[in-house]
Amino acid sequence: MGLIGLITDFGLEDEYVGVMKAVILGRAPQATIVDVCHGVDPQDVLQAAYVLEAARRYFPAGSLHVVVVDPGVGTERAILIVEAGGQRFLAPDNGVLSFVLEPAFHPRCRILEPAAVTSGPVSATFHGRDLIAPAAGLLANGLDPEALGPEIPASKARRLEGLRPERTPEGALAGRVIHIDRFGNLITNIAAEDLPAGGAGVRIEAGGVRLEGLHRTYAEVPSGGLIALVGSRWLIEIAAAGDHAANRTGIEKGAPVLVEIRRGEPAR
Amino acid sequence: MGLIGLITDFGLEDEYVGVMKAVILGRAPQATIVDVCHGVDPQDVLQAAYVLEAARRYFPAGSLHVVVVDPGVGTERAILIVEAGGQRFLAPDNGVLSFVLEPAFHPRCRILEPAAVTSGPVSATFHGRDLIAPAAGLLANGLDPEALGPEIPASKARRLEGLRPERTPEGALAGRVIHIDRFGNLITNIAAEDLPAGGAGVRIEAGGVRLEGLHRTYAEVPSGGLIALVGSRWLIEIAAAGDHAANRTGIEKGAPVLVEIRRGEPAR
Amino acid sequence: MGLIGLITDFGLEDEYVGVMKAVILGRAPQATIVDVCHGVDPQDVLQAAYVLEAARRYFPAGSLHVVVVDPGVGTERAILIVEAGGQRFLAPDNGVLSFVLEPAFHPRCRILEPAAVTSGPVSATFHGRDLIAPAAGLLANGLDPEALGPEIPASKARRLEGLRPERTPEGALAGRVIHIDRFGNLITNIAAEDLPAGGAGVRIEAGGVRLEGLHRTYAEVPSGGLIALVGSRWLIEIAAAGDHAANRTGIEKGAPVLVEIRRGEPAR
């Protein structure tokens, strides 16, 4: 049957997430909801897109991902229902679904019709509760997405820019820090698969820090040592063994990261 | 069957919430628990009352709401079991159930007998785990509330003062900021239904800020602009578009808010 | 059937916990997962051991406890599957299971064979997702632990030192503060059962603070008053009524605590 994954920027200090769950479960009592992350920085659509990308591949086929990071709530921006890669996605049309809209996933897009999910009052500031959660409950309960709104070409849905690193004229990858996690690891948008296997001959630069090659684990170097490695999102991270790399280096979210690939040189 | 909603001031840094859930599910394995909010400020009974009021209407009929914000834990204060408005409520008798005790909900009140729910040790500092969670599990498992303790008149249960705004001699509403949410929105205790539809001719004052009329969405004004609007709790909020209103204005929780209603004047 | 309890140091700001749950539920769709605590200080194995000890006794028989606090992730440290006291435990072999490995629980230990749970890629930095969660799902789905790896003598599993207080030559108990909870209570590793019933003739010293006897509840003394009492973990705590004891006293996690027991003196 699949799970319902929830990603929001609501935090857990308020009742917003709990209320959305009550609405979903009120319509789909047998559903299982998984809190993927509610700690997205307020209105940071890019961060949410990456969280979804990190999480979705670990959900079973048939799962429904609900993403509510919605700076345009109450405006004319649409709410999308996307079927892609054997899963479903419900989110505002603000680019947060950029990754799953890629053609490889054969996305099918619909626009949610409010009247299809509720006849009650709709708060102009909480479509998550009044439109998206009811839609999620109906879908989880087996309703065909067709009943929720008209199909549009996937190419009409909004995409974010700057998701992936760029290739410089010299052949390096120019990316950036997209997230600092709880442990202080600096997560970049440069994927392991963009580098030679094992990171042979790779040099990473960010905020004045220069690191040679990739390590495999945090425990490989003395405590406090700065390393680059392939993190659990399969992206390049800068970490400090047993320490908080962001505090250690002063590097902030959004900082540019450059990866030079000197092919042919021996691995570290 | 309904859901079990949980509201506490335990936070999520410790095991307290998880242990309560284990106790509930140990007695009612088929129950579905929804974390409404565990970020109530420590021992802030008023805040918890408002969270419950914001959440309960989105839960299906038959739901059970468990509220553990309990400055008097271990003292002689009673634990209440309330049936009201088609739902059930379990909480210390400290006013946290004030809203659902209103006559319109036809509340029926009982006092939990500890011996009806446990024969084990009862921690003097954690009735949530040792008395309230077992009671919740038994209720969710179908036990009649009658089996848990004697009925008392609902009028005997404690109510909080100052829940609602007061009407000034000039006809304005004098309320206050009851909560600052994750986004920095200043949530007041003044309900949209107390104002003319759409907020026509309304002036809001708080902490030296004066706002004319109500907006509909955060996105209606330029970034950083201060507005008043009807928030998702259907209460008047002061917000800063794309910004943190509390930080912007320096207004704190508890600050007085005055709403003048100049009927007859044109809407903004 | 039992529950699955989760203890990690992942926090809730990132997707790590949610992804583990998706993996578990992908293999055991009918399982019920309880978040015990994800706020363990990063890599604090001792704190996690105490959280598990505080929580496990409130879980029904047959429950599975999954603990991922794993400073050695990606190194040769083993992952343990332990059956003890009618419950099961999955965790890195770093001492976090010290309490349940005590002989009284008749522990049986196995070492997880990665090949028994996955044929997919294993991140060197997230065994929680790629090895422990799949194992948890398989166990929750009824797989015999025997299928997951070879048995080892429980005596070979790692234990932490300094878990319990020491007896001084004068007969006092020398322990320490092991945790400061959300309310600011200073939780020590000195158990109520190590003291005379009711704390008669007991004197507690920590960080220059000296307290006589044990109180029963926070509400027993005037607001702000410092007291020692038996907390909900059945351990001695230092608390400030209606206040934050850690902030009040400046006492930090790890600080030594001395309890003198002057038997024969009258109780406070």
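Values below: all heavy atoms of this structure, side chains included; hydrogens, waters and symmetry mates excluded. Predicted model only: the values in this text are computed from it and were never measured. Sequence lines set the chain letters: A, B, ... in the order given, protein chains first and strands last, and positions in each chain run from 1.
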Undergrad: Need one label for C:D130: side chain, backbone, both or neither, based on atoms under 4.5 Å from any heavy atom in chain A.
TA: side chain
Undergrad: Is the shortest heavy-atom distance from the side chain of C:P42 to the side chain of A:R182 under 4.5 Å?
TA: yes
Undergrad: At a 4.5 Å cut-off on heavy atoms, which part of A:I7 comes close to chain C: side chain, backbone, both, or neither?
TA: neither
Undergrad: A:L12 versus chain C, heavy atoms under 4.5 Å apart: side chain, backbone, both or neither?
TA: side chain
Undergrad: Given a strict heavy-atom distance threshold of 4.5 Å, which part of A:H244 is in contact with chain C: side chain, backbone, both, or neither?
TA: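 Interface part for A:H244: neither.
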Undergrad: Shortest non-hydrogen contact from C:S123 to A:S232?
TA: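 Shortest heavy-atom separation between C:S123 and A:S232 comes out as OG-CA, 3.6 Å.
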Undergrad: Does any backbone or side-chain atom of A:F183 lie under 4.5 Å from a heavy atom of chain C? Answer side chain, backbone, both or neither.
TA: side chain
Undergrad: Counting heavy-atom pairs closer than 4.5 Å to chain A, which one of C:G74, C:A22, C:P29 comes out on top?
TA: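 Option with the top pair count is C:A22.
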Undergrad: Report yes or no: does A:D181 contribute a side-chain atom to a donor-acceptor pair with the main-chain N or O of C:D14 at less than 3.5 Å?
TA: no
Undergrad: Give a yes or no on whether the backbone of C:T75 and the side-chain of A:R216 come within a donor-acceptor separation of less than 3.5 Å.
TA: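 Not at all, since once roles are kept as given, no pair shorter than 3.5 Å links the two residues.
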Undergrad: Heavy-atom distance under 4.5 Å to chain C: side chain of A:I33, backbone, both or neither?
TA: neither
Undergrad: Which atom names give the shortest non-hydrogen contact between A:W234 and C:V122, and what distance separates them?
TA: CH2-C, 4.0 Å
Undergrad: Please report the interatomic distance CG(A:D243) to CD(C:Q43), rounded to the nearest 0.5 Å.
TA: 9.5 Å
Undergrad: Measure distances from A:V36 to the heavy atoms of chain C and classify the residue's part below 4.5 Å as side chain, backbone, both or neither.
TA: both
Undergrad: Do you know which two heavy atoms are closest between A:V230 and C:T125, and how far apart they sit?
TA: O-CG2, 4.1 Å
Undergrad: Heavy-atom cut-off 4.5 Å, strictly under: side chain, backbone, both or neither for C:R129 against chain A?
TA: side chain
Undergrad: Shorter than 4.5 Å, heavy atoms on both sides: which option in C:V40, C:D35, C:V17 has the most such pairs with chain A?
TA: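 Ranked by contacts with chain A, first place is C:V40.
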Undergrad: Answer yes or no: does atom CD of C:E151 have more than 12 heavy-atom neighbours from other residues, nucleotides or ligands under 6.0 Å?
TA: yes
Undergrad: Quick one, C:E13 and A:H38 - any side-chain contact, counting heavy atoms below 4.5 Å?
TA: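 They are not in contact (no side-chain heavy atoms under 4.5 Å apart), so the answer is no.
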Undergrad: Need one label for C:P71: side chain, backbone, both or neither, based on atoms under 4.5 Å from any heavy atom in chain A.
TA: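 Just the backbone, heavy atoms under 4.5 Å.
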Undergrad: Give, as side chain, backbone, both or neither, the part of C:H127 having an atom under 4.5 angstrom from any heavy atom of chain A.
TA: neither
